[in-house]
Amino acid sequence: MISAVLLDLAGVIYDGEEAVPGAAEAVARLRAAGLPIRFVSNTTRSSKPAILARLAKLGLPVTGSELFTPAEAACDWLRRHERAAHLLVHPDLTSEFRELPVNGRMAVVVGDAGDAFDYVALNAAFRQLIDGAELVALAPNRSFRDADGRLSLDAGPFVTALEFASQKHAIVLGKPAPGFFHAALATIPCASTQAVMVGDDAEADVAGALSAGLAHALLVRTGKYREGDETRFAPAPSATVPDVAAAVDWILARRGGTE
């Protein structure tokens with residue numbers, strides 16, 4: 001039984017500044033079928049308003065309640081734990097953290113900071129950690145598909161470096177953290193056993209969703225996908241399909257029943 005769909009964005013719905021061919025139509029077909037959709041992105045270089053604006057420009061109007069980002073999850077975590085944030089994030093993301101407390105115990109928040117990942121910034125974060133701050137990772141992704149079409153380092157390697165140096169384990173708030181998937185499904189509401197995830201990252205999107213208890217997770221061969229990804233991580237995808245249009249075909253063919 002499939003009652004809801006979680007969709008990744010970068011590499012699934014858009015690639016750089018262009019929509020993946022057939023993506024808008026695929027989303028429209030899910031909406032026409034009455035399937036609730038939540039967009040769950042590990043993108044940490046853009047604010048939520050900027051992501052919504054990009055989707056609208058691509059002909060995909062998405063409401064704020066349909067989009068879940070790690071920065072949003074981090075703000076919720078910081079408020080609940082009454083922590084001030086030491087940010088190691090991309091400059092375009094800092095606006096997401098403007099209304100947080102500035103006093104109290106610290107947490108180092110790490111996202112994909114891009115060129116801001118230099119020695120000075122990493123060492124400042126390290127010093128906060130050894131002084132008692134928590135380490136919060138917006139996402140642990142190893143790589144992403146960059147504007148030139150090649151893979152580039154994502155935040156994960158830098159999180160790992162800080163873990164090694166500080167001897168602390170990061171609290172991961174984006175995919176593949178089970179709570180991130182569950183929070184998105186709770187807004188529908190939909191049981192994880194009736195949901196399907198579609199992503200281009202076999203580790204964070206697919207294995208993460210299945211480990212979180214989702215019924216299905218589909219790997220698309222667009223975005224950061226590389227040949228053989230479907231065999232590199234466990235659990236393996238429910239299916240590997242050419243793109244999001246094919247993923248929607250798969251979902252609609254199975255809606256209302258089992259494989």
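Source: prediction; values computed, not measured.
Through side-chain heavy atoms spaced under 4.5 Å, either directly or across other Ile, Leu, Val, Met, Phe, Trp or Tyr residues, Val20 is tied to no other residue.
Counting heavy atoms from C-beta outward, Leu218 and Ile251 have side chains that approach closer than 4.5 Å. In this structure, the side chains of Leu6 and Val198 stay at 4.5 Å or more apart for every pair of heavy atoms. In this structure, the side chains of Phe233 and Val206 stay at 4.5 Å or more apart for every pair of heavy atoms. Put simply, the side chain of Leu162 reaches to within 4.5 Å of the side chain of Leu135, judged on heavy atoms. The shortest side-chain heavy-atom distance between Pro140 and Val159 does not fall under the 4.5 Å cut-off. Using a 4.5 Å heavy-atom threshold, the side chains of Leu93 and Leu87 count as separate. The side-chain heavy atoms of Val110 and Thr44, taken from C-beta on, include no pair separated by under 4.5 Å. For the pair Phe144 and Ser152, the minimum side-chain heavy-atom distance is below 4.5 Å.
Of the possible donor and acceptor atoms, none in the side chain of Ser46 sits under 3.5 Å from a partner among the backbone N and O of Ile51. Side-chain atoms of Arg31 do not come within 3.5 Å of backbone N or O of Val27 as any donor-acceptor pair. Side chain of Thr222 to main chain of Gly11: a donor-acceptor pair is present (N/O by atom type, distance under 3.5 Å, no hydrogens or angles). Panel note: side chain Asp243, backbone Ala245; a donor-acceptor pair is recorded below 3.5 Å.
In this structure, Glu17 pairs ionically with Arg54, as a charged nitrogen and a carboxylate oxygen lie closer than 4.0 Å.
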Residues 182-194, side-chain donor-acceptor partners within the protein, below 3.5 Å, at least two apart:
unit_1	atom_1	unit_2	atom_2	d
His182	ND1	Pro178	O	3.4
His182	NE2	Ala212	O	2.8
Thr187	OG1	Arg38	NE	2.8
Thr187	OG1	Ala184	O	2.7
Ser192	OG	Gly213	O	3.4
Gln194	OE1	Ser3	OG	3.1

Side-chain donor-acceptor pairs of residues 167-177 under 3.5 Å, sequence neighbours excluded:
unit_1	atom_1	unit_2	atom_2	d
Lys168	NZ	Leu129	O	2.9
Lys168	NZ	Ala133	O	2.5
Lys175	NZ	Asp8	OD1	2.9
Lys175	NZ	Val40	O	2.8
Lys175	NZ	Asp205	OD1	2.7

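Remark: Thr231 pairs with no residue by the side chain to side chain donor-acceptor pair (under 3.5 Å) rule, at least two apart or across chains. When the side-chain contact (heavy atoms from CB on, under 4.5 Å) test is applied to Thr63, the partners found at least two apart in sequence or on another chain are Ser65, Glu66. The ring pair (Phe, Tyr, Trp, His ring centres under 6.0 Å) check on Phe117 picks up Phe158, with sequence neighbours excluded. Residues forming a side-chain contact (heavy atoms from CB on, under 4.5 Å) with Leu52 (at least two apart in sequence, or on another chain): Lys48, Val62, Leu67. Residues passing the side chain to side chain donor-acceptor pair (under 3.5 Å) test with Asp229 are Arg232, sequence neighbours excluded. Scanning for side-chain contact (heavy atoms from CB on, under 4.5 Å) contacts around Asn123 gives Tyr119, Phe126, Arg127, with sequence neighbours left out. Not counting sequence neighbours, the partners of Asp201 by the side chain to side chain donor-acceptor pair (under 3.5 Å) test are Asn141, Lys224.
Of all non-hydrogen atoms in Ser41 and Phe180, the two that sit nearest each other are O-CZ, 3.9 Å. Considering every non-hydrogen atom in both Ala246 and Pro242, the closest pair reads CB-CD, 3.5 Å. Between Ala19 and Leu58, the closest heavy-atom pair is N-CD2, 3.7 Å. Here the closest non-hydrogen pair linking Val196 and Ala217 is CG2-N, 4.4 Å. Nearest heavy atoms, Ala113 versus Pro91: O-CD, 4.5 Å. Considering all non-hydrogen atoms of both residues, Ser143 and Leu151 come closest at OG-CD1, 3.9 Å.
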Tell me, with the steps shown, if Glu134 and Arg83 meet side chain to side chain contact (heavy atoms under 4.5 Å, CB included).
-> CA-CA 9 Å; Glu134 293 277 9; Arg83 299 297 178 95; 2.8 Å; yes

Could you walk me through whether Leu7 and Ile13 pass the side chain to side chain contact (heavy atoms under 4.5 Å, CB included) test, one step at a time?
-> CA-CA 8 Å; Leu7 294 174; Ile13 299 299; 4.3 Å; yes

Kindly determine whether Tyr225 and Arg145 satisfy side chain to side chain contact (heavy atoms under 4.5 Å, CB included), including the steps that lead there.
-> CA-CA 9 Å; Tyr225 171 85; Arg145 186 173 179 181; over 6 Å; no

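A 6.0 Å sphere centred on CZ of Arg142 holds no more than 12 heavy atoms belonging to other residues, nucleotides or ligands. The number of heavy-atom neighbours closer than 6.0 Å to CZ of Arg150, taken from other residues, nucleotides and ligands shown, is 12 or below.
Put simply, Leu88 and Met106 are part of two different groups of oily side chains (I, L, V, M, F, W, Y) that touch within less than 4.5 Å, one to the next. Under the 4.5 Å side-chain heavy-atom criterion for ILVMFWY residues, no single connected hydrophobic cluster contains both Tyr14 and Phe68. Note on Val136 and Phe181: separate hydrophobic clusters, where clusters join Ile, Leu, Val, Met, Phe, Trp and Tyr whose side-chain heavy atoms are under 4.5 Å apart, directly or indirectly. Hydrophobic clustering (ILVMFWY, side-chain heavy atoms < 4.5 Å, transitive): Ile2 and Leu214 are in distinct clusters. Under the 4.5 Å side-chain heavy-atom criterion for Ile, Leu, Val, Met, Phe, Trp and Tyr, Leu252 and Val244 are members of the same hydrophobic cluster.
Geometrically, Arg254 engages Trp250 in a cation-pi contact, judged by NZ or CZ lying under 6.0 Å from the ring centre and within 45° of the ring axis.
Atom OG of Ser211 and atom CD of Glu203 lie 10.0 Å apart (nearest 0.5 Å).
Note on residues 98-124: pairs passing salt bridge (Lys or Arg N to Asp or Glu O under 4.0 Å), not counting sequence neighbours, are Arg45-Asp112. Here side-chain hydrogen bond (donor to acceptor under 3.5 Å, both in side chains) pairs that include residues 86-97, with residues two or more places apart or in two chains, number zero.
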